[in-house]
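Here the structure is laid out as structure tokens; the discussion comes afterwards.
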Amino acid sequence: MKWIEVRVVFDSENLEDAKQKIADIFYEFGVQGVQVEEPTERNPLDYYSDEKLFFTDEYSVTGYFPLNPYVEAKKRVFKERVEEYAEINDAITEIYYNEVDDCSWKDNWKNYFYPEKISSRIVVKPTWREYEKSENERVIEIDPGMAFGTGAHPTTSLCVSMLESYVKPGDSVLDVGTGSGILMIAAKKLGADYVEGIDIDQDAVDVAIRNMELNGIKKEEFSAYKGNLIDKVEEKQFDIVVSNILAEIIVILLKDIKKVVKDGGEVIFSGIIAPKKKEVEADMPKPGFTIER
């Protein structure tokens, strides 16, 4: 699989804050982990052991986007986010893109992924860690691969908390932009009868299916596939629809999502940063949504 390496070179009076803010922008876009580089004093002999390291003389944050049909839109919105940050904080930024193949960096983040309780009842546990659960906890076994959704990101944990509030035994749940499948699994653990996930990235779909199987969910109780929402599920309706994606994509999908939720059903949206909140709220009534929370 191909990836887009996105490197943001920056300078600011507050370098630590800039580093964190730029990393946060990457996390908003589903990047599991970032690589931070900063200039250091080096012995000229280092050149012979690592030429690239020797020439590291800039502050930068690097992350990777999957090369899929949404990547150009993602790059455009990402650039807007970085420029907005730079203007507000009087920072200097430059973005560089490079197409790369799968490589060893993709597994480095696993060293920092531990079991975490992300809501009052749900614990997310990576498959390579041990965890002893309490009586009322529901444990999700997960190997996210390069799909978005370890549970640690606030947008994911907020969705899980909402699912806790709304999922009832026997419900059907649709996850739009399923990523690692974590929200489908959470819905099943909370009592949903049937769950379905859709994503434009086949790698994410493959990861989601593998994670459903890891959690002992039967094949007849779920479905996950690559595709466009309206092309794939327009003939079905669900008790709950959940979508943890970018605000810009949510706005585009509002009308189609309205078609696949039952009358009286619930829709849970996340991935909306504060500056985009009013824009999303203004568009929700157009297809007939009312905002409860």
Side-chain angles (χ1 to χ4, degrees), residues 1 30 32 66 68 106-107 109-110 113-119 121-131 133 137-153 155-164 166-229 231-233 236-245 257 260-261 266-268 270-271:
M1 179 179 175
Q32 296 287 357
N68 60 32
K106 70 179 183 180
D107 289 325
W109 59 273
K110 287 186 176 182
F113 184 17
Y114 286 86
E116 183 169 355
K117 191 166 186 177
I118 63 171
S119 69
R121 294 167 59 195
I122 297 292
V123 174
V124 176
K125 184 187 86 64
T127 53
W128 57 94
R129 305 282 188 197
E130 297 296 325
Y131 182 79
K133 72 182 185 72
E137 289 178 338
R138 304 287 182 269
V139 176
I140 295 176
E141 292 269 356
I142 196 161
D143 182 357
M146 287 308 295
F148 180 47
T150 64
H153 197 281
T155 62
T156 308
S157 58
L158 285 167
C159 283
V160 171
S161 294
M162 282 287 198
L163 287 169
E164 281 189 352
Y166 289 102
V167 171
K168 304 181 299 298
D171 275 351
S172 59
V173 178
L174 172 66
D175 182 10
V176 180
T178 194
S180 67
I182 189 171
L183 298 180
M184 285 198 291
I185 300 167
K188 279 296 296 177
K189 298 276 186 181
L190 293 167
D193 186 54
Y194 175 77
V195 294
E196 196 161 303
I198 186 166
D199 202 290
I200 62 163
D201 188 336
Q202 184 61 51
D203 284 326
V205 172
D206 294 341
V207 168
I209 292 171
R210 184 165 68 248
N211 284 325
M212 299 296 281
E213 293 168 349
L214 278 172
N215 285 271
I217 298 169
K218 298 175 183 177
K219 290 184 178 180
E220 62 270 21
E221 296 176 336
F222 79 93
S223 179
Y225 42 83
K226 176 185 176 181
N228 172 295
L229 173 66
D231 291 341
K232 293 287 185 179
V233 294
K236 302 177 186 176
Q237 288 193 315
F238 298 81
D239 297 293
I240 296 174
V241 178
V242 59
S243 187
N244 179 20
I245 48 181
I257 287 176
V260 297
V261 63
E266 306 287 348
V267 182
I268 299 166
S270 192

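This one's a predicted model, so the numbers in the text were calculated from it and none came from an experiment.
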Apply side-chain contact (heavy atoms from CB on, under 4.5 Å) to [X] and list each qualifying residue two or more places apart in sequence or on a separate chain.
X	answer
K219	E213
E164	S119, S120, R121, I122, L190
D239	D171, S172, K262
S223	Y194, E196, Y225

Might you point out which heavy atoms bring [X] and [Y] nearest each other, and give the distance in Å?
X	Y	answer
P115	E130	CG-O, 3.8 Å
S270	C159	CB-SG, 3.3 Å
V173	A192	CG2-CB, 4.0 Å
V160	A186	CG2-CB, 4.3 Å
A187	V195	CB-CG1, 3.8 Å

[atom1]/[X] to [atom2]/[Y] distance, rounded to the nearest 0.5 angstrom?
X	Y	atom1	atom2	value
I185	I140	CD1	CD1	5.5 Å
L174	Q237	CG	CD	11.5 Å
I182	E141	CD1	CD	12.0 Å
M184	I209	CE	CD1	8.0 Å
S157	E116	OG	CD	7.5 Å
D206	S180	CG	OG	13.0 Å

Under 4.5 Å between any side-chain heavy atoms of [X] and [Y], yes or no?
X	Y	result
V241	V260	yes
I142	T127	no
F238	V261	no
I240	I268	yes
T156	N244	yes

remark   = By salt bridge (Lys or Arg N to Asp or Glu O under 4.0 Å), K117 pairs with (sequence neighbours left out) E137
remark   = Residue set satisfying salt bridge (Lys or Arg N to Asp or Glu O under 4.0 Å) with K133, at least two apart, ordered chain then number -> none
Counting only N and O atoms by type, is there a donor-acceptor contact under 3.5 Å from the side chain of [X] to the main-chain atoms of [Y]?
X	Y	answer
K189	V139	yes
D199	G179	yes
T178	G197	no
K188	D193	yes

key: Of L158, L183, D175, the residue whose pairing with L163 passes side chain to side chain contact (heavy atoms under 4.5 Å, CB included)   = L183
